[in-house]
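Here is the structure we will look at.
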Amino acid sequence: MADFESIVLNSTIEAIKILYNSDVSPEVVQLQETRTEFEGDFTLVVFPFVKISKKNPELTANEIGNYLVQNCEVVEKFNVIKGFLNLSVKQTNWLKFIRNLSANETFGLQDPNSSGSKVMIEYSSPNTNKPLHLGHVRNNLLGYSLSKILQANGHEVIKVNLVNDRGIHICKSMLAWKKWGEGITPEKAGKKGDHLVGDFYVKFDLEYKKQIKALLEQGISQEEAEKKAPLIIEAQEMLQKWEAHDESVTSLWKMMNGWVYEGFSETYKKMGVDFDRIYYESETYLLGKALVQKGLEKGVLYQRPDSSVWIDLTKDGLDEKLLLRSDGTSVYMTQDLGTAAQRFEEYNMQELIYVVGNEQNYHFQVLSLVMDKLGFSWAKNLKHMSYGMVELPSGKMKSREGTVVDADDLVDEMVNTAREMSKELGKLDEYSPEQTEEIVRMIGLAALKYFILKVDPKKNMLFDPKESIDFNGNTGPFVQYSYARIQSIFRKAADQNIKMSDVQESTAVSVDKEKSLIRMLYKFPAVVADAGKNLSPAVIANYVYDLSKEFNQFYHDCPILKEENSEVRNLRLHLSEHTGKVIKKSMNLLGIDVPERM
RNA sequence: GGUUCCGUAGCUCAGUUGGAUAGAGCAACAGCCUUCUAAGCUGUGGGUCCCGCGUUCGAAUCGCGGCGGAAUCACCA
């Protein structure tokens, strides 16, 4: 079924050809939704055509309007306000649209892999020296939701995670555990492994600072003290041993990383995110050196006297960038060059999207440029899905000041709040503890996820704990509540033995709220496409909120089961059903579950 | 200093090929449960869309110049 806009658009082009003997391209035709305060469904902006018609806007609009009513099969009537031609789609077309929905379970979603495009999306990418925090939460939720949105747009999606499991920061935790851990394990401590390891990272920093302070008191400069402190030297030695595959260091590393992985997978599971493939930096950090060699041979890169390798990007408005240290070891960029090449070779995808914070905008600009200069055709298909930082009312999160919001704690708190709130409202009194727990989990998580995803990803956002646990208004629980209400209607309908039948095209759509709900549902496919194009879960979140609000108004204004006219009742049941389905699909695209009751 | 991003109601945010009188939520106040879940609905108040200039029939949206904020510019990742 062609959508109404394209039908109207084609007819408009035709109208202008016939009325004014002029050819206009589709881009010139501005068709938008009619604002609610005016009558109509779609509005044609006629200003662009007055030059062609050589008549004033009102007259032009009337002429086009008349033509469309007579010649466009979906246009019923029109009105003109200023230069705006408001068009009403025939009611039978809307009813047909609703009727077709019943036979279209995948409404709004493209068939899996139908676009012929394969996309790899990298997200999460944690360090294994401390637990996940609020910043990672935004990353994980965005990455997971985007993968769903891209799938809904018909792309084949490969979700990958690149775990940073090696490096000096990992050695710091390891060293601290060795020195002060007294053989403690997550079991003995009764603590998640990632949190335990994080404690030792903090411990290292604490002791390191003490040593620096002591050195400063001996009159050594800050810079030198940071380099000379025995702890950091030990950590560096440990890193060298690790790179040399020293047995004792490796086994310690494996053990502690194992703890962290276990902790992470618990957190991932709790948040409901997953991956198709996990890469480890310990296995990829040496990649990229061969590419650098090739770049040197091609003359794209150059070597300095100290034998470090650089690329000059000053002509591209950037700086010179180091790709290999003077001792021949890799930097972060080198590895990223290598892994990108490896991935394109292995998966042959069209695009690689990195979900990484905007503090690395420069890095990804360089990455893509370097790849381009090295001659990889897909360099322009490396996309950085850059998102803004999460700030707290007190400002930025600082681990030193203990203001980091831990991911596990955060989820637990949201769930606890949901539990208290449900108890207070007496919502779940009749359910078993297990059922209650499941629903309460869903609500708490929805509050958190929706709160984060509703904000445009590229913007920095403020995470106010007080606001995040609000379950009223523009929130996840509000959307869930709307869904639960709908399910309740159908439970009642079953009790009363009310059956649904096909929507009759003769049904009167007499209430505004019915009409606006239909229009809202109609928009869904365009919203999914928009979210995919702009890589923005926020587009979905804002839509599903508007849809839910619209439904609640409809629910308030219109009796459904109690409606006596059976045709109207039937229509309202269909509208409720399809609203429920679209809410569920939308929330699914956000990685949020919806409860049958709450 | 260079580059990039941001600035909309008291607060948090929508508003994307330039379109009509700039919208929600929270907070405040006032209403609505003997009728399908009140985690809901309705109403009131609240705006120099950071400022200025320009392009245009028309600018929150585009361009230029300011002001304010953030990120980044490591032989860190």
Side-chain angles (χ1 to χ4, degrees), chain A residues 27-28 30 32 34-35 37-38 43 45-48 50-51 57 81-84 86 125 127 164 167-169 281 304 306 308-310 317-327 329-333 335-336 357-363 365-366 386 388-389 391 393 396 418 421-422 424-425 427 443 447 451 454-456 458-464 466-468 470-482 484-493 496 530 533-534 536 538-539 541-542 545-546 548-549 551-553 555-563 572 576 597-598:
Chain A
E27 305 86 68
V28 181
Q30 291 182 52
Q32 51 201 238
T34 303
R35 297 176 56 137
E37 60 262 42
F38 303 108
T43 295
V45 183
V46 301
F47 293 107
V50 296
K51 275 186 207 135
I81 296 168
K82 296 185 182 173
F84 299 92
N86 300 321
S125 308
N127 293 348
N164 184 351
I168 190 72
H169 49 291
E281 288 201 2
R304 290 189 180 171
D306 66 0
S308 57
V309 180
W310 297 73
L318 304 175
D319 301 309
E320 291 169 286
K321 183 79 191 172
L322 175 92
L323 297 180
L324 272 187
R325 296 191 184 99
S326 50
D327 63 5
T329 56
S330 302
V331 289
Y332 183 45
M333 181 64 73
Q335 173 191 250
D336 268 6
N358 61 11
E359 72 270 13
Q360 292 192 36
N361 284 354
Y362 183 75
H363 174 80
Q365 236 177 312
V366 173
S386 160
M389 297 185 17
E391 284 167 28
K396 276 180 216 161
M421 193 90 73
S422 299
E424 206 174 294
L425 294 170
K427 289 277 183 182
I443 298 172
F451 186 82
K454 75 175 174 183
V455 181
D456 183 349
K458 69 170 189 283
K459 290 191 178 174
N460 287 357
M461 67 170 288
L462 182 79
F463 187 89
D464 185 344
K466 273 205 262 351
E467 255 182 71
S468 69
D470 198 339
F471 291 180
N472 303 315
N474 190 356
T475 66
F478 170 86
V479 177
Q480 289 179 317
Y481 178 68
S482 313
R485 270 183 152 179
I486 292 168
Q487 304 321 304
S488 172
I489 293 170
F490 288 100
R491 283 192 296 272
K492 286 249 157 56
Q496 297 170 28
D530 187 21
K533 195 175 132 215
N534 293 305
S536 174
V539 170
N542 288 312
Y545 169 66
D546 286 338
S548 301
K549 198 165 54 147
F551 179 80
N552 278 309
Q553 292 167 359
Y555 180 90
H556 183 264
D557 289 0
C558 306
I560 300 169
L561 295 172
K562 291 189 162 46
E563 171 60 40
R572 290 180 182 168
S576 304
R597 56 191 91 207
M598 65 185 275

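So that the names make sense, note that chain A is the first sequence line, chain B the second, and so on, each numbered from 1. A quick note: this is a predicted structure, and the numbers were derived from the prediction, not measured.
Between A:R325 and B:A77 there is a side-chain N or O to OP1 or OP2 distance below 4.0 Å. For A:K466, no side-chain nitrogen or oxygen approaches OP1 or OP2 of B:A27 to under 4.0 Å. Under 4.0 angstrom from either OP1 or OP2 of B:A38 there lies no side-chain N or O belonging to A:K427. The phosphate of B:C36 has neither OP1 nor OP2 within less than 4.0 Å of any side-chain N or O from A:R572. Contact annotation: A:S488 side-chain N/O to B:C36 OP1/OP2 distance is not under 4.0 Å. Considering only side-chain N and O atoms, A:Y481 lies under 4.0 angstrom from the phosphate OP1 or OP2 of B:A39. Within the 4.0 Å cut-off from OP1 or OP2 of B:A38, at least one side-chain nitrogen or oxygen of A:R485 is found.
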Review point. Should A:I81 and A:N86 be marked as a side-chain contact (heavy atoms from CB on, under 4.5 Å) after you check the CA-CA gap, both sets of side-chain angles, and the distance that decides it?
Key: CA-CA 8 Å; A:I81 296 168; A:N86 300 321; 3.9 Å; yes

Practice item. Output, in order, the C-alpha distance, side-chain angles, deciding distance and verdict of side-chain contact (heavy atoms from CB on, under 4.5 Å) for A:Q360 and A:Y332. Key: CA-CA 12 Å; A:Q360 292 192 36; A:Y332 183 45; 3.2 Å; yes

Review point. Can you check side-chain contact (heavy atoms from CB on, under 4.5 Å) on A:L322 and A:S308, steps first, answer last?
Key: CA-CA 7 Å; A:L322 175 92; A:S308 57; 3.9 Å; yes

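Base contact: A:S422 has a heavy atom under 4.0 Å from a base atom. A:N164 comes within contact range of the sugar-phosphate backbone alone, with a heavy-atom separation under 4.0 Å but no base atom that close. Residue-level contact check: A:F478 touches the backbone only, with heavy atoms under 4.0 Å from sugar-phosphate atoms and none from bases. Counting any heavy atom pair closer than 4.0 Å across all strands shown, A:Q32 reaches sugar-phosphate atoms only and no base atom. Note on A:N86: a base of the nucleic acid sits closer than 4.0 angstrom, heavy atoms only. Residue A:Q360 is classed as a base contact, given a heavy-atom separation below 4.0 Å to a base. Within 4.0 Å of A:V45, counting heavy atoms only, lies at least one base atom of the nucleic acid. At a threshold of 4.0 angstrom between heavy atoms, the contacts of A:T43 include nucleobase atoms, whether or not backbone atoms are also involved. At a threshold of 4.0 angstrom between heavy atoms, the contacts of A:I443 include nucleobase atoms, whether or not backbone atoms are also involved.
Distance CD (A:E359) to P (B:C6): 16 Å, rounded to an integer number of Å. Across the protein-nucleic acid pair, A:N552 atom CG and B:U37 atom C1' stand 10 Å apart, rounded to whole Å. A:E37 has its CD atom 11 Å from the C1' atom of B:G23, to the nearest Å. For A:L322 and B:C73, the CG to P distance is 13 Å, given to the nearest whole Å. Counting to the nearest Å, the P atom of B:A77 and the NE2 atom of A:H363 are 10 Å from each other. Put simply, CD on A:E424 is 22 Å from P on B:U37, counting in whole angstrom units. Per the geometry, CG belonging to A:N361 stands 11 Å off P belonging to B:C6, to the nearest Å. Here B:A38 presents its P atom at 13 Å from CG of A:N472, a figure rounded to the nearest Å.
On the P atoms, B:U56 is 34 Å away from B:G1, given to the nearest whole Å. Rounded to whole Å, the P atom of B:U44 lies 24 Å from the corresponding atom of B:A39. With both ends at atom C1', the span from B:U42 to B:A24 equals 15 Å, rounded to whole Å. The C1' atoms of B:U4 and B:A9 are separated by 29 Å, rounded to the nearest whole Å. Here the separation of B:G10 from B:G66, taken at their P atoms, is 29 Å to the nearest Å. Rounded to a whole angstrom, the distance from the C1' atom of B:G58 to that of B:A22 is 15 Å. Nucleotides B:G31 and B:G45 are separated by 15 Å at their C1' atoms, to the nearest Å. B:G54 sits 26 Å from B:U21 when the C1' atoms are compared, rounded to a whole Å.
Evaluation of the side chain to side chain contact (heavy atoms under 4.5 Å, CB included) rule for A:A484 yields A:M598 as partners, not counting sequence neighbours. Evaluation of the ring pair (Phe, Tyr, Trp, His ring centres under 6.0 Å) rule for A:Y362 yields no partner, not counting sequence neighbours. Contacts of A:F463 classified as ring pair (Phe, Tyr, Trp, His ring centres under 6.0 Å), with partners at least two apart in sequence or in another chain: A:F451. With sequence neighbours excluded, the residues forming a side chain to side chain contact (heavy atoms under 4.5 Å, CB included) with A:K492 are A:S488, A:Q496, A:L561, listed by chain and number. The side chain to side chain contact (heavy atoms under 4.5 Å, CB included) test applied to A:S482 returns A:F478, A:S548, A:N552, A:I583, not counting sequence neighbours. Every residue meeting the side chain to side chain contact (heavy atoms under 4.5 Å, CB included) condition with A:N472, not counting sequence neighbours, appears here in chain and number order: A:D470. Take A:F38 and apply the ring pair (Phe, Tyr, Trp, His ring centres under 6.0 Å) test, not counting sequence neighbours, and it matches no residue.
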Pairs: protein N or O with nucleotides 42-45 of chain B N or O, under 3.5 Å:
from: B:U42; atom 1: OP1; to: A:Q553; atom 2: NE2; distance (Å): 3.1

At a cut-off of 3.5 Å, list every protein nitrogen or oxygen paired with a nitrogen or oxygen from nucleotides 13-16 of chain B, distance to 0.1 Å.
from: B:C13; atom 1: OP1; to: A:L462; atom 2: N; distance (Å): 2.8
from: B:A14; atom 1: OP1; to: A:D456; atom 2: N; distance (Å): 2.6
from: B:A14; atom 1: OP2; to: A:K459; atom 2: NZ; distance (Å): 2.9

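Nucleotide B:U16: unpaired (no Watson-Crick or G-U wobble partner with both distances less than 3.5 Å). Base-pair partner of B:U72: B:G2 (Watson-Crick or G-U wobble, both distances under 3.5 Å). B:C41 is paired with B:G31 under the Watson-Crick or G-U wobble criterion, all donor-acceptor distances under 3.5 Å.
For A:Y555 and B:G40, the ring-to-base geometry does not satisfy the stacking test (centroid distance below 5.5 Å, interplanar angle below 30°). In this structure, A:F38 counts as stacked on the base of B:A20 under the 5.5 Å centre distance and 30° plane angle limits. Once the 5.5 Å centre distance and the 30° plane angle are applied, the aromatic ring of A:F47 is found stacked with the base of B:G19.
Taking the side chain as every heavy atom from C-beta outward, A:M461 and A:E391 never approach each other to under 4.5 Å.
From A:F490, atom CZ reaches atom CD1 of A:I560 across 8.0 Å, with rounding to the nearest 0.5 Å.
Glycosidic conformation at B:C41 (O4'-C1'-N9-C4 for purines, O4'-C1'-N1-C2 for pyrimidines): anti, more than 90° from 0.
Considering only the side chain of A:M598, B:A39 comes nearest among B:C36, B:A39, B:G23.
Checking A:D327 against A:K51, the closest nucleotide of RNA chain B that is more toward the 5' end is the one next to A:K51.
A salt bridge does not link A:D327 to A:R325: none of the charged side-chain nitrogens sits closer than 4.0 Å to a carboxylate oxygen.
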